[in-house]
Structure formats: C-alpha cells, structure tokens
Amino acid sequence: MLETNKGRTMLEFQELMTVFQLLHWNGSLKAMRERQCSRQEVVAHYSHRALDDDMRSQMALDWIAREQENAGVIARELSMSERELEAARMAGRELRFPKEKKDILTLACSQLNLSDNRS
C-alpha cells in the first residue's frame, strides 16, 4: 500500500489510512472480501475517494441496519468510541480515527431519532 501511494503527502496518506481503519471497523472490508473483491481492487477504489459526508452517511446507514437487528448496538459503540477518543486525547495520540467513528455513530443516532419522530 505504501508503494502504491508514493508521491502523496503525509496528510493524504494519513487520510487514506483513516479510511481503511473505518472500513475495517465498519465491517465493509469483510463484506468486500466475502464478495471476493481483491485487495488491489479495494485499494484502487478507495485510494481515489476522500473521507466525505457521503462516505460517513453510508457508514451511518450500515450502523442503522445493525441497530435494527441488535437494539442498543449504536449506543454501546458510541459510548466506547467516546472513551477511546478521550483516551487518545489524553495520551496525545492521533484523534482522527476515533473522532470519525464518533461522528459516524452520532450521525446514525440523529438519523434514527429523525425516523423515530416521523413514525
């Protein structure tokens, strides 16, 4: 992966690593493996995608689907991500991955609350 990203800035590479951490955490990499996507295909696809609102929304939808199968999973994961974010902050570690997890789960919660209020 490092070889395929020569010429990128350190920030671009860090963002790509965050994307792959999120894909792993979210279960998307496992799903792609089950669909028999090669590692090279996955890297090629996500190397050209930024971590944007569209990607966050898609991951939030994945968590909403999990919530419908297993009530309370978002609240538990959100609580854990808040603790991870605070621990990373206190230790002076990189905050992007835990912050993005928290943001995705918060988005999923807000979307669930909106749909609950419409019912």
Side-chain angles (χ1 to χ4, degrees):
M1 172 131 11
L2 194 55
E3 186 67 32
T4 60
N5 286 285
K6 277 187 176 178
R8 286 185 176 221
T9 66
M10 183 56 117
L11 285 176
E12 290 170 326
F13 186 71
Q14 283 177 320
E15 179 165 348
L16 180 63
M17 290 297 96
T18 300
V19 167
F20 278 95
Q21 285 177 296
L22 288 168
L23 291 170
H24 174 72
W25 163 75
N26 194 51
S28 300
L29 289 179
K30 182 179 179 187
M32 287 179 227
R33 194 174 324 117
E34 288 169 357
R35 286 190 298 250
Q36 299 183 346
C37 295
S38 73
R39 185 172 290 150
Q40 291 81 8
E41 290 171 324
V42 173
V43 169
H45 178 73
Y46 283 100
S47 291
H48 303 292
R49 287 198 58 194
L51 183 52
D52 58 10
D53 288 342
D54 183 49
M55 189 180 292
R56 287 182 195 94
S57 293
Q58 188 58 50
M59 289 185 184
L61 288 173
D62 292 341
W63 282 99
I64 290 169
R66 284 188 188 97
E67 180 72 20
Q68 291 169 344
E69 294 172 8
N70 184 5
V73 70
I74 291 176
R76 288 188 301 274
E77 195 71 26
L78 182 58
S79 177
M80 189 171 20
S81 72
E82 288 170 341
R83 287 191 306 272
E84 289 172 9
L85 180 59
E86 187 57 28
R89 182 179 290 122
M90 297 300 286
R93 291 191 318 257
E94 173 65 40
L95 300 178
R96 181 80 189 267
F97 175 58
K99 181 204 171 295
E100 290 292 346
K101 282 174 39 174
K102 179 182 169 287
D103 289 351
I104 289 164
L105 293 164
T106 301
L107 177 60
C109 275
S110 69
Q111 290 177 352
L112 271 174
N113 290 337
L114 284 176
S115 68
D116 288 348
N117 290 338
R118 289 185 192 143
S119 300

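The first residue in the sequence is number 1, and the count goes up from there. Computed from a predicted structure; not experimentally measured.
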Report yes or no: do Phe13 and Val43 belong to one cluster of Ile/Leu/Val/Met/Phe/Trp/Tyr joined by side chain heavy-atom distances under 4.5 Å?
yes
Set of side-chain hydrogen bond (donor to acceptor under 3.5 Å, both in side chains) partners for Arg96, sequence neighbours left out:
Glu100
Keeping Glu67 on the side-chain end and Val73 on the backbone end, is there a donor-acceptor pair under 3.5 Å?
yes
Output the distance between atom CD (Glu82) and atom CG (Leu85), rounded to the nearest 0.5 Å.
8.0 Å
Check whether any side-chain N or O of Glu41 sits under 3.5 Å from a backbone N or O of Ser38 as a donor-acceptor pair, and report yes or no.
yes
Nearest 0.5 Å please: distance from the SG atom of Cys109 over to the CG atom of Leu78.
5.5 Å
Can a donor-acceptor pair be found, under 3.5 Å and without considering hydrogens, that links the side chain of Ser79 to the backbone of Arg76?
no
Work out which heavy atom in Arg56 is nearest to a heavy atom in Asp53; give both atom names and the distance.
NH1-OD1, 3.2 Å
Salt bridge check, Arg83 against Glu86: does any charged N sit closer than 4.0 Å to a carboxylate O?
no
Between Ser28 and Asp62 the two heavy atoms that sit nearest each other are OG-OD2, 4.0 Å
Any residue meeting salt bridge (charged side-chain N to carboxylate O under 4.0 Å, His left out) with Lys99, in chain and number order, not counting sequence neighbours:
Asp103
Looking at side-chain heavy atoms only, is the closest gap between Leu51 and Tyr46 below 4.5 Å?
no
Output for pair (Gln36 CD, Arg33 CZ), nearest 0.5 Å, gives 12.0 Å
Could you go step by step and tell me if Gln68 and Trp63 meet the side chain to side chain donor-acceptor pair (under 3.5 Å) rule?
CA-CA 9 Å; Gln68 291 169 344; Trp63 282 99; over 6 Å; no
N/O donor-acceptor pair under 3.5 Å between Gln21 side chain and Phe97 backbone
no
Heavy-atom nearest pair, Pro98 first then Ala88, reads CG-CB, 4.3 Å
Would the number of heavy atoms belonging to other residues, nucleotides or ligands and lying under 6.0 Å from NE2 of His24 be above 12?
no
Could you check if a side-chain atom of Arg66 sits within less than 4.5 angstrom of a side-chain atom of Asn26, using non-hydrogen atoms only?
yes
So, using side-chain hydrogen bond (donor to acceptor under 3.5 Å, both in side chains) as the criterion, who are the partners of Arg39 when residues are at least two apart?
none
Interatomic distance, Thr18 atom OG1 to Leu95 atom CG [nearest 0.5 angstrom]:
11.0 Å
